[in-house]
Structures are given as C-alpha cells and as structure tokens.
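Notes follow the structure.
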Amino acid sequence: MPPGAPFPVAFFDRSSLEVAPELVGAYLVHQPARSVRLVARIVEVEAYLGDGSDPGSHCHRGRTPRNQAMFGPPGRLYVYRSYGIHTCANVVCEAEGRGAAVLLRAFEPVEGAVRMRRLRGLTPQALAREVGSGPGKLCQALGISLDDYGSSLLRGRLTLRRPGARDPTLPIARSRRIGLGKGCEHPYRFYARGHPCVSRGRPG
DNA sequence: CCAGAGATTTTCT
DNA sequence: GAAAATCTCTGGA
C-alpha cells in the first residue's frame with residue numbers, strides 16, 4: 001500500500017476550506033537521510049481561513065514573526081509552538097499574502113510505527129491510536145520541529161502525497177474546531193468518522 | 001468516564 | 001499579566 005505522487009502546488013493554491021477535506025486520507029511521508037521512512041495517513045484536519053476573516057486563525061491580527069510562513073507561498077509548512085511546549089504543523093494554502101492554512105490534527109501509522117512510538121516516548125506495545133491522535137502528538141511522532149518551518153511539502157524530506165482510490169471505509173465527517181477560544185462556531189474540522197486514530201478532543 | 005493542574009513560548013492588553 | 005489551534009498525569013464518580 002505505497003503512497004501516491006506528491007500533490008502539485010496548484011492543489012494548495014485554493015481555499016483552505018476546499019483543501020482540508022481532500023487531505024483526509026492523504027499521506028504525509030517523512031524520509032530522513034539515514035533512517036526508516038515514516039508514512040502517516042491523515043485522518044483529521046482543521047481549516048483556517050485567510051484574508052483576516054477567521055478570528056480563530058493565528059493570522060487574524062496580521063503578520064507577526066511567528067506566523068510569517070502562513071502568509072508565504074502555498075504548499076509549505078507553518079509550524080508553531082503551542083502552549084510553550086508542543087509543536088503543531090499546518091499546510092499553507094491559497095496565494096501568497098492570504099494567511100490561510102490547514103492544521104494537521106491526527107494520523108494513522110502506515111509505515112515506521114516502531115520509530116514513531118519511540119519518538120513519542122511510548123512503549124513498543126502502545127496502541128496505534130495513541131501514536132498520532134492529536135496535533136502535538138503528530139509532530140512528535142513524525143519528528144517535525146520548528147526546524148521544518150517554511151519547508152516545502154511538494155518535494156524533499158517531508159512530502160504530502162495523494163491517496164490511492166477513494167477509501168469507502170474512510171467516511172469524511174465535519175464538525176466544529178477543537179480547542180479554540182474564538183471562531184469555534186464554524187464547522188471547519190474534517191475527520192474520518194469512527195476511525196480510532198482521530199483525536200479525543202471535543203469540538204467547541 | 002470526566003475534570004483539573006501544570007508545563008512554558010508567543011502575543012496581546 | 002493573561003490567554004492560547006495541547007498533552008499527560010492524577011483523583012473522583
């Protein structure tokens with residue numbers, strides 16, 4: 001079950017609300033220089049709108065040193081530190097200067113699960129659903145850090161790849177976003193309904 | 001099962 | 001000074 005071809009830049013040069021549901025079922029592949037390949041199947045994402053229209057977005061109040069990658073070209077990573085401790089990863093969408101992105105919230109391990117568990121500090125016996133069922137866990141399990149800030153997902157160490165044929169066992173559902181102070185009223189979260197690797201957080 | 005506390009950086013008031 | 005796109009552990013129902 002090998003992952004497909006990387007998405008072209010045109011895929012990301014659209015509304016984050018259009019891109020988000022199409023990323024559920026897609027593969028995030030991490031190929032380090034000299035280590036096992038890690039393959040993650042995305043099962044949960046959230047869209048953050050551009051153009052200052054989304055009070056839940058880091059870009060709502062304009063550019064800051066932290067969010068400049070979100071205003072950059074599409075198809076790149078916007079990585080930020082959450083609550084001073086964790087790391088979360090977004091895919092930048094829409095044209096440069098818009099400030100739109102999709103937060104990668106959860107995945108199912110497909111390849112390299114042993115290494116993912118070690119990166120997470122879990123025992124080899126830990127359940128698959130504990131490995132990447134949350135945005136902070138996702139980055140830790142895949143070795144994504146602030147060093148990856150602004151890097152391309154079209155080619156290189158980290159790539160986002162097309163799923164094969166639509167998987168009927170992955171019904172895509174929609175809900176309000178999780179963990180937000182403001183802007184939680186809109187249904188911008190997309191996830192694989194019933195999948196064990198979806199995060200435990202409850203929508204606002 | 002659910003609620004609360006603590007860890008700790010960036011941003012805003 | 002306080003809140004935030006979170007996670008883990010603890011204690012109680």
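Order of the sequence lines sets the chain letters (A, B, ...), proteins ahead of strands, with each chain counted from 1.
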Enclosure of A:R129 CZ (heavy-atom neighbours >12, cutoff 6.0 Å):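 At most 12 heavy atoms, drawn from other residues, nucleotides or ligands, come within 6.0 Å of this atom.
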Over 12 foreign heavy atoms within 6.0 Å of CZ, A:R174: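 Atom CZ in A:R174 is crowded, with more than 12 foreign heavy atoms closer than 6.0 Å.
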Members of residues 128-150 of chain A that approach DNA chain B, where some heavy atom sits under 4.0 Å away: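 Within this stretch, nothing sits under 4.0 Å of the strand.
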Strand contacts (DNA chain B) in residues 96-109 of chain A, 4.0 angstrom heavy-atom criterion: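 Result for residues 96-109 of chain A: none.
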Pick out the pairs of N or O atoms, protein on one side and nucleotides 3-7 of chain B on the other, that lie under 3.5 Å.
none

Presence of salt bridge, A:E22 and A:R166, under 4.0 angstrom: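 Judged by the 4.0 Å cut-off on N to carboxylate O distance, A:R166 and A:E22 do not form a salt bridge.
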Interface residues of residues 184-198 of chain A with DNA chain C (non-hydrogen, below 4.0 angstrom):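 None - not one residue of the stretch has a heavy atom sitting under 4.0 Å from the strand.
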Selection: residues 54-77 of chain A, any non-hydrogen atom under 4.0 Å of DNA chain C: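 Close to the strand are A:G56, A:H58, A:M70.
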C1' atoms of B:dT10 and C:dT8, separation to the nearest Å: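 The answer is 22 Å between these two C1' atoms.
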B:dC2 and C:dA5, which share atom name P, separated by this distance in whole Å: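 Pairwise P distance, C:dA5 against B:dC2, rounds to 23 Å.
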Using only heavy-atom distances, determine whether the side chains of [X] and [Y] contain a donor-acceptor pair under 3.5 Å.
X      : Y      : answer
A:T64  : A:R66  : no
A:T169 : A:D167 : yes
A:R37  : A:Q31  : no

All pairs passing ring-ring contact (aromatic ring centres under 6.0 Å, His included) where residues 133-187 of chain A contributes a residue, at least two apart: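 Of all non-adjacent pairs touching residues 133-187 of chain A, those that pass ring-ring contact (aromatic ring centres under 6.0 Å, His included) are A:H186-A:Y188.
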For A:S133, all residues meeting side chain to side chain donor-acceptor pair (under 3.5 Å), sequence neighbours excluded: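 Expected list: A:K137.
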Give the rounded distance in Å between these two atoms: [atom1] of [X] and [atom2] of [N].
X      : N     : atom1 : atom2 : answer
A:E44  : C:dA5 : CD    : C1'   : 11 Å
A:R120 : C:dC7 : CZ    : P     : 8 Å
A:L180 : C:dA4 : CG    : P     : 10 Å

Report all side-chain donor-acceptor pairs from residues 101-110 of chain A shorter than 3.5 Å, counting only partners two or more places apart or in another chain.
unit_1, atom_1, unit_2, atom_2, d
A:R105, NE, A:E44, OE2, 2.8
A:R105, NH2, A:S199, OG, 3.4
A:E108, OE1, A:R41, NH1, 3.3
A:E108, OE1, A:H195, NE2, 2.9

Canonical and wobble pairing (Watson-Crick, G-U, under 3.5 Å) of DNA chain B, dot-bracket with |: |||||||.||||.
Could you give the side-chain donor-acceptor pairs of residues 75-97 of chain A under 3.5 Å, partners two or more places apart or in another chain?
unit_1, atom_1, unit_2, atom_2, d
A:Y78, OH, A:H58, ND1, 2.8
A:R81, NH1, A:I85, O, 3.3
A:N90, ND2, A:Y78, O, 3.3
A:E94, OE1, A:R98, NE, 2.8
A:E94, OE1, A:R98, NH2, 2.9
A:E94, OE2, A:S16, N, 3.1

A:L119: which of A:R115, A:M116, A:R117 passes side chain to side chain contact (heavy atoms under 4.5 Å, CB included):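 So the option named by the test is A:R115.
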Check against side-chain contact (heavy atoms from CB on, under 4.5 Å), A:L28 and A:V39: CA-CA 6 Å; A:L28 182 54; A:V39 179; over 6 Å; no
Test item: A:N67 side-chain N/O and A:G62 main-chain N/O as donor-acceptor pair under 3.5 Å: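 Pair found, side chain donor or acceptor close to backbone of A:G62.
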Side-chain donor or acceptor of A:S53 paired with backbone N/O of A:G50 under 3.5 Å: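 Indeed, once roles are kept as given, a pair shorter than 3.5 Å links the two residues.
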Members sharing A:Y191's hydrophobic cluster (side chains within less than 4.5 Å):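 Once heavy-atom contacts under 4.5 Å are chained together, A:Y191 belongs with A:V43, A:V198.
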Linked hydrophobic residues, A:V36 as query - side chain contacts closer than 4.5 Å: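 Noted: A:V36 shares its cluster with no other residue.
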Min side-chain heavy-atom separation A:E111-A:L38 under 4.5 Å: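 No, side chains not in contact.
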5′-ward residue of the pair A:S199/A:G84 relative to DNA chain C: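 The answer here is A:G84.
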A:R14 NZ/CZ over A:F11 ring centroid, <6.0 Å and within 45° of normal: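 Judged by the rule, A:R14 and A:F11 form a cation-pi pair.
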